[in-house]
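Counting convention: from 1, in listed order, for ligands and their atoms alike.
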Amino acid sequence: MCARNPGTSLDLEWVSKSRVNTQAVLKRAQQIQSFRLPKKQWQAAWLLRAVTCIDLTTLSGDDTPSNVQRLCLKALQPIRSDLLQDMDMHHAGITTAAVCVYPSRVSDAVKTLKAANSSLPVASVATGFPAGQTPLQTRLEEVRLAVADGAAEIDIVINRTLALTGQWQALYEELVQFRTACGNAHMKSILAIGELGTFTNVYKASLVSMMAGSDFIKTSTGKEAVNATIPVAVVMSRAIRDYYIRTGYKIGFKPAGGSARSPWFGWCW
Ligand SMILES: O=C[C@H](O)COP(=O)(O)O
């Protein structure tokens, strides 16, 4: 288990001078899309691995304790037992990585997983998810309440107003406060890339989020018109690589974003 990212001071020069070459990103994304996928048992193995990286999620206004309970039980047994038997993987203990819910549903998930004697982490969105357009104090209190209810991961949303107006110092300071409020809970910073306008803003927001101490950077809330895309994944992965080269800390990448109407998968890598 690598050491948790403590964050760094804000390197405003690095952020300000960063520029993304769009054509190069699009070319790299096309190359990736042309890669041949593994077949047969190798494909099955990769798909099983992918399932173990999923944050199984429900984020709807009609979420109830019972559908959160069903989500948790599905997270504990995401693959049909006959399929696992056929792959001789029925003893592997395949579960998803976590479940992800709204703050008000965290206690339901924690209660269900405790009753199942499971240590599966509960992730909670917070900080005014999905828009983040609420006062800072209420966004911070939302983090604290979710952690107090047992969330082991907090998926915060960045303040896109600050990112779009180039207020990187103010964004960094907000994110540092969220990281402090998270305490031992891991912080995933949702960039909401569909609302950041340019690849350069995605790269800069990635850097600022990691400098503020994020454990993961994540593409989307699943509520924007544009969510995870391969070009954006290239940009964010390169930001993660550049941050690692500079600091030695490995940050997780979570491509996310699906229909708001049904439990969807948030991937973690
Ligand atoms: O941010 C919350 C969810 O992870 C959104 O992504 P999802 O729709 O892929 O679960």
Within the 4.0 Å heavy-atom shell around [X], which atoms of ligand 1 are there?
{"X": "Ser220", "answer": "1 (O)"}
{"X": "Ile190", "answer": "1 (O)"}
{"X": "Phe129", "answer": "1 (O), 2 (C)"}
{"X": "Lys218", "answer": "1 (O), 2 (C), 3 (C), 4 (O)"}
{"X": "Leu59", "answer": "2 (C), 3 (C)"}
{"X": "Gly257", "answer": "6 (O), 7 (P), 8 (O), 9 (O)"}

### Message
When you group the ILVMFWY residues by side-chain heavy-atom contacts below 4.5 Å and let the links chain together, are Ile193 and Ile32 in the same group?
### Response
yes

### Message
Is there a path of hydrophobic side-chain contacts, each under 4.5 Å between heavy atoms, that joins Val235 and Tyr244?
### Response
no

### Message
Test your reading of the structure: does Lys254 have an N or O sitting under 3.5 Å from an N or O of ligand 1?
### Response
yes

### Query
Below 3.5 angstrom, do we get any N/O pair linking Val125 and ligand 1?
no

For residues 100-108, please give each side-chain donor-acceptor pair under 3.5 Å, one per line with the distance, not counting sequence neighbours.
unit_1 : atom_1 : unit_2 : atom_2 : d
Arg105 : NE     : Asp108 : OD2    : 2.5
Arg105 : NH2    : Asp108 : OD2    : 3.0

### Query
Does a salt bridge link Glu142 with Arg139, judged by any charged N lying under 4.0 Å from a carboxylate O?
no

### Query
Charged N to carboxylate O below 4.0 Å: is that the case for Asp215 and Lys188?
no

At under 4.0 Å between heavy atoms, is it the side chain or the backbone of [X] that contacts ligand 1, or both, or neither?
{"X": "Asn227", "result": "neither"}
{"X": "Pro130", "result": "neither"}
{"X": "Thr57", "result": "side chain"}

Kindly list each side-chain donor-acceptor pair under 3.5 angstrom involving residues 115-122, sequence neighbours excluded, with atom names and distances?
unit_1 : atom_1 : unit_2 : atom_2 : d
Ser118 : OG     : Leu120 : N      : 2.9

### Task
Compute the minimum heavy-atom distance from Asp55 to ligand 1 and say whether it is under 4.0 Å.
no

### Message
The test is side chain to side chain donor-acceptor pair (under 3.5 Å); show your working for Glu173 and Gln177 and say whether it passes.
### Response
CA-CA 6 Å; Glu173 289 167 0; Gln177 292 182 70; over 6 Å; no

### Message
Walk me through whether Ser66 and Thr64 qualify under side chain to side chain donor-acceptor pair (under 3.5 Å).
### Response
CA-CA 5 Å; Ser66 57; Thr64 62; 3.0 Å; yes

